[in-house]
**Q** 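Handing you this structure, nothing more for now.
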Amino acid sequence: MRSFLISDNKDTIVGLRLAGIDGVLATKSKDIIEELDKAIENKDIGIIILTENTFNKVKDKVLEIKLRKKVPLIITIPNRYGMRDKDFITKYIRDSIGIKI
């Protein structure tokens, strides 16, 4: 299985292509959803990578897919400026297991 990137940033696509990960540039919600649907239908893709900005544009669709399907795994990575929410991991742990760190 291979990974596939959907990003709204050309630099991220170029960087991950250097690591051997193919991807597409999609800036509008409609285009992102279209590319996401194509990637889900492709049985060779095991991991779909979305940049943070891309994820935020289609958050509801991604969450719906995560609830419906086990494969592919959909992950979010920071864009080139880093995560907007610097406390993301702490909040994720607190929301997931209820422990305050």
**Q** Quick one: pull up CG in Leu73 and NZ in Lys66 and give me the separation to the nearest 0.5 Å.
**A**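 Taking CG in Leu73 and NZ in Lys66, the distance rounds to 7.0 Å.
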
**Q** Are side-chain heavy atoms of Asn9 and Asn53 found at a separation under 4.5 Å?
**A**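 With C-beta onward as the side chain, the pair stays apart.
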
**Q** Between Val71 and Leu5, is there shared hydrophobic-cluster membership here, with clusters defined by ILVMFWY side-chain heavy atoms closer than 4.5 Å?
**A**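 Looking at the clustering, Leu5 is in a separate group from Val71.
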
**Q** Can I get a per-line list of side-chain donor-acceptor pairs under 3.5 Å for residues 14-36, giving both atom names and the distance, sequence neighbours left out?
**A**
{"from": "Arg17", "atom 1": "NH2", "to": "Gly23", "atom 2": "O", "distance (Å)": "3.0"}
{"from": "Ser29", "atom 1": "OG", "to": "Lys57", "atom 2": "O", "distance (Å)": "3.4"}

**Q** Tabulate below the donor-acceptor pairs under 3.5 Å that side-chain atoms of residues 39-51 make, not counting sequence neighbours, or state none.
**A**
{"from": "Asn42", "atom 1": "OD1", "to": "Asp44", "atom 2": "N", "distance (Å)": "2.9"}
{"from": "Thr51", "atom 1": "OG1", "to": "Asp8", "atom 2": "OD1", "distance (Å)": "3.4"}
{"from": "Thr51", "atom 1": "OG1", "to": "Thr54", "atom 2": "OG1", "distance (Å)": "2.8"}

**Q** Provide the closest heavy-atom pair for Glu52 versus Thr76 in the form atom of the first, atom of the second, distance.
**A**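 Heavy atoms only, the tightest pair is CA-CG2, 3.7 Å.
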
**Q** Do Ile6 and Ile74 share a hydrophobic cluster, counting only Ile, Leu, Val, Met, Phe, Trp and Tyr and linking them when any side-chain heavy atoms are less than 4.5 Å apart?
**A**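 Result: yes, single cluster for both.
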
**Q** Just how far is it from atom CD1 of Ile77 to atom CZ of Phe55, taken to the nearest 0.5 Å?
**A**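 That separation rounds to 13.0 Å.
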
